[in-house]
Protein chains: 2
Amino acid sequence: MRQILDRIADKWSLLVIALLDERPLRFNELRRTIDGISQRMLTVTLRQLERDGLVRRTVFPTVPPRVDYELTPLGMSLHATIQALVTWTEEHQQEIAAARTAYDADTRPSQAVSADDAL
Amino acid sequence: MRQILDRIADKWSLLVIALLDERPLRFNELRRTIDGISQRMLTVTLRQLERDGLVRRTVFPTVPPRVDYELTPLGMSLHATIQALVTWTEEHQQEIAAARTAYDADTRPSQAVSADDAL
DNA sequence: CTGCATCCTGTTGGATACTG
DNA sequence: CAGTATCCAACAGGATGCAG
């Protein structure tokens with residue numbers, strides 16, 4: 001069960017599942033939308049999601065080739081939960097940012113505690 | 001927002017938040033309960049959660065020292081979502097296991113695709 | 001008991017080049 | 001377009017020793 005949680009609680013997997021909610025997307029559509037993901041990580045992530053039965057991969061034998069990725073029913077059942085997590089993050093990011101600032105001010109007045117601050 | 005998602009979508013953070021639901025726990029209680037976590041990772045995880053305002057750390061100046069960790073209101077608001085994720089995982093682990101077996105049988109009939117199988 | 005500091009290793013993941 | 005293969009750097013994370 002921990003191995004499943006690890007898989008699902010992966011930042012790229014989360015984003016991919018969140019994005020495939022509306023409609024199937026092609027490889028490069030995902031690549032462009034998920035700013036910062038490398039081709040390699042997108043491939044790896046999609047393979048894992050496919051293996052776990054969360055995403056279906058459909059190859060169109062055309063030239064140039066075309067591959068669609070879409071959520072399976074299992075994937076869609078997970079999407080609701082994922083979405084709740086994303087929504088929570090959106091709603092509370094101000095509080096978290098404030099908590100970080102307060103924490104850093106209390107404990108390390110003149111030094112950043114992590115590189116997160118630079119993002 | 002991605003940095004926040006990365007933080008909470010961490011396997012150790014998820015487990016810690018899930019465990020602190022019932023009552024405050026001491027450092028070594030958490031350590032014993034979360035099988036496989038090292039002292040270092042528990043410390044790091046708790047510091048991050050504290051910095052993000054999700055967990056409150058309380059030091060009792062006794063001998064020997066005692067430190068309690070408990071969810072803040074913000075942490076508790078996240079717990080519901082986390083719990084939904086954990087519940088989903090419990091409910092669907094059979095399907096995922098089956099999907100993995102089917103995937104491996106189709107694509108790599110005689111070879112494991114990852115070390116997950118050994119867990 | 002609850003940590004922090006240090007060292008060291010394995011894995012993750014980015015960059016690049018090549019293929020169907 | 002949609003990948004695979006390779007190399008390599010960065011970082012996560014374990015082990016150990018020490019401190020309050």
Side-chain angles (χ1 to χ4, degrees), chain A residues 2-3 5-16 20 24-51 55-70 103 107-108 111-116 118-119, chain B residues 2-3 5-16 20 24-51 55-70 107-108 111-119:
Chain A
R2 283 257 288 276
Q3 64 178 279
L5 252 191
D6 287 1
R7 171 66 36 79
I8 292 169
D10 168 68
K11 65 171 177 175
W12 299 130
S13 299
L14 243 42
L15 289 170
V16 167
L20 289 181
L25 293 175
R26 301 177 59 173
F27 187 85
N28 274 344
E29 286 180 312
L30 284 167
R31 187 144 139 69
R32 278 190 298 269
T33 309
I34 306 176
D35 192 67
I37 195 172
S38 67
Q39 186 191 51
R40 179 179 139 78
M41 285 318 296
L42 182 53
T43 301
V44 169
T45 300
L46 286 170
R47 283 295 173 284
Q48 290 173 337
L49 292 174
E50 187 192 1
R51 183 163 104 101
V55 161
R56 172 165 41 241
R57 179 172 181 270
T58 308
V59 180
F60 298 89
T62 56
V63 179
R66 166 183 174 169
V67 181
D68 274 9
Y69 293 92
E70 63 186 321
Y103 181 93
T107 58
R108 322 194 104 205
Q111 185 183 165
V113 79
S114 100
D116 288 349
L119 297 181
Chain B
R2 281 256 289 276
Q3 65 179 280
L5 253 190
D6 287 0
R7 170 65 37 78
I8 63 185
D10 168 68
K11 66 172 177 175
W12 299 130
S13 299
L14 243 43
L15 289 169
V16 167
L20 289 181
L25 293 175
R26 302 178 56 174
F27 187 85
N28 274 344
E29 287 180 311
L30 284 166
R31 187 144 139 68
R32 280 190 297 270
T33 309
I34 306 176
D35 192 68
I37 196 171
S38 67
Q39 182 197 53
R40 183 184 192 279
M41 286 319 296
L42 182 53
T43 300
V44 169
T45 300
L46 287 170
R47 283 296 170 283
Q48 290 174 339
L49 292 175
E50 188 193 0
R51 183 163 104 102
V55 162
R56 171 166 39 243
R57 179 171 182 268
T58 308
V59 179
F60 298 89
T62 58
V63 178
R66 165 182 174 171
V67 181
D68 274 10
Y69 293 92
E70 63 185 323
T107 57
R108 321 195 106 205
Q111 183 184 165
V113 79
S114 101
D116 289 348
D117 301 315
L119 298 180

Chemist: Between C/dC1 atom P and B/E29 atom CD, what is the distance in whole Å?
Modeler: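 Those two atoms, CD and P, are 11 Å apart.
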
Chemist: What is the separation between atom CG on A/L42 and atom P on C/dT12, rounded to the nearest whole Å?
Modeler: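 Those two atoms, CG and P, are 17 Å apart.
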
Chemist: Classify the side chain of B/Q39 and the base of C/dG3 as holding, or not holding, a donor-acceptor pair under 3.5 Å.
Modeler: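 A donor-acceptor contact between them is present.
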
Chemist: How many whole angstroms separate atom CD1 of B/I34 from atom C1' of D/dG13?
Modeler: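 Whole-Å distance recorded here is 15 Å.
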
Chemist: Give one of base, sugar-phosphate or nothing for A/R31, where a contact means two heavy atoms less than 4.0 Å apart.
Modeler: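 Nothing, no nucleic acid heavy atom in range.
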
Chemist: Please report the interatomic distance CG(B/L46) to CG(B/L42), rounded to the nearest 0.5 Å.
Modeler: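 Reported to 0.5 Å precision, the distance equals 4.5 Å.
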
Chemist: A/I37 and A/M41: which non-hydrogen atoms are nearest, and at how many Å?
Modeler: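 That would be CG1-CB, 3.9 Å.
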
Chemist: To the nearest 10°, give me the bend of the helix from C/dC1-D/dG20 to C/dG20-D/dC1, comparing the axes of its five terminal pairs at either end.
Modeler: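 Nearest ten degrees gives 50° for this helix.
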
Chemist: Hey, what do you get for OH (A/Y69) to OG1 (A/T45), rounding to the nearest 0.5 Å?
Modeler: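 It is 11.0 Å, given to the nearest 0.5 Å.
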
Chemist: Of the nucleotides C/dG3, C/dC1, D/dC1, which one has an atom closest to the side chain of A/N28?
Modeler: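 Shortest atom-to-atom distance from the side chain points to D/dC1.
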
Chemist: Where do A/V67 and A/R57 come nearest, in terms of heavy atoms and distance?
Modeler: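 Nearest pair, atom of A/V67 first, then A/R57: CG1-CG, 3.7 Å.
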
Chemist: If you check every side-chain atom of A/W12, which of C/dG14, D/dG3, C/dC1 has the closest atom?
Modeler: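 For A/W12, the side-chain atoms sit closest to C/dG14.
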
Chemist: When you measure from the side chain of A/M41, which nucleotide among C/dG14, D/dG14, C/dG3 comes out closest?
Modeler: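 For the A/M41 side chain, the nearest candidate turns out to be C/dG14.
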
Chemist: How long is the line joining CD1 of B/I37 and C1' of D/dG14, in whole Å?
Modeler: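 So the CD1-C1' distance, B/I37 to D/dG14, works out to 12 Å.
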
Chemist: Distance check needed: D/dA12 C1' versus A/K11 NZ, whole Å only.
Modeler: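 These atoms are roughly 13 Å apart.
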
Chemist: Can you figure out which of D/dG3, D/dA2, D/dG14 approaches the side chain of B/S38 most closely?
Modeler: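 It is D/dG14.
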
Chemist: What is the distance, rounded to the nearest whole Å, between atom CZ of A/R32 and atom C1' of D/dC1?
Modeler: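 Those two atoms, CZ and C1', are 10 Å apart.
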
Chemist: So what does A/F60 hit on the nucleic acid, given a heavy-atom distance under 4.0 Å: a base, only sugar-phosphate, or nothing?
Modeler: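 No contact.
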
Chemist: Are any of B/Y69's side-chain N or O atoms less than 4.0 Å away from OP1 or OP2 of C/dG3?
Modeler: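 B/Y69 to C/dG3 OP1/OP2: side-chain N or O found under 4.0 Å.
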
Chemist: Rounded to the Å, how far apart are A/Q48 CD and C/dT11 C1'?
Modeler: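 After rounding, the reported distance stands at 13 Å.
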
Chemist: Compare side-chain N and O positions of B/R40 against OP1 and OP2 of C/dC4 and report whether any pair is under 4.0 Å apart.
Modeler: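 Indeed not, no polar side-chain atom of B/R40 lies that close.
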
Chemist: Tell me which nucleotide among C/dC4, C/dG3, D/dA2 gets nearest to the side chain of B/T43.
Modeler: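 It is C/dC4.
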
Chemist: With side chains defined as the heavy atoms from C-beta onward, is the minimum distance between A/D68 and A/R26 less than 4.5 Å?
Modeler: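 Sidechains of A/R26 and A/D68: in contact.
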
Chemist: Quick check on C/dT2: is either OP1 or OP2 less than 4.0 Å from any side-chain nitrogen or oxygen of B/R26?
Modeler: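 Yes.
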
Chemist: Please lay out, stage by stage, how A/L30 and A/L20 fare under the test side chain to side chain contact (heavy atoms under 4.5 Å, CB included).
Modeler: CA-CA 9 Å; A/L30 284 167; A/L20 289 181; 4.1 Å; yes

Chemist: Once you round to the nearest 0.5 Å, how far does CG of B/L5 lie from CH2 of A/W12?
Modeler: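 The distance works out to 11.0 Å.
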
Chemist: Rounding to an integer number of Å, can you tell me how far A/D10 CG sits from C/dT11 C1'?
Modeler: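 Between C1' of C/dT11 and CG of A/D10: 14 Å.
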
Chemist: So do the side chains of B/R31 and B/N28 get within less than 4.5 Å of each other, counting heavy atoms only?
Modeler: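 Side chain of B/R31 against side chain of B/N28, heavy atoms only: contact under 4.5 Å found.
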
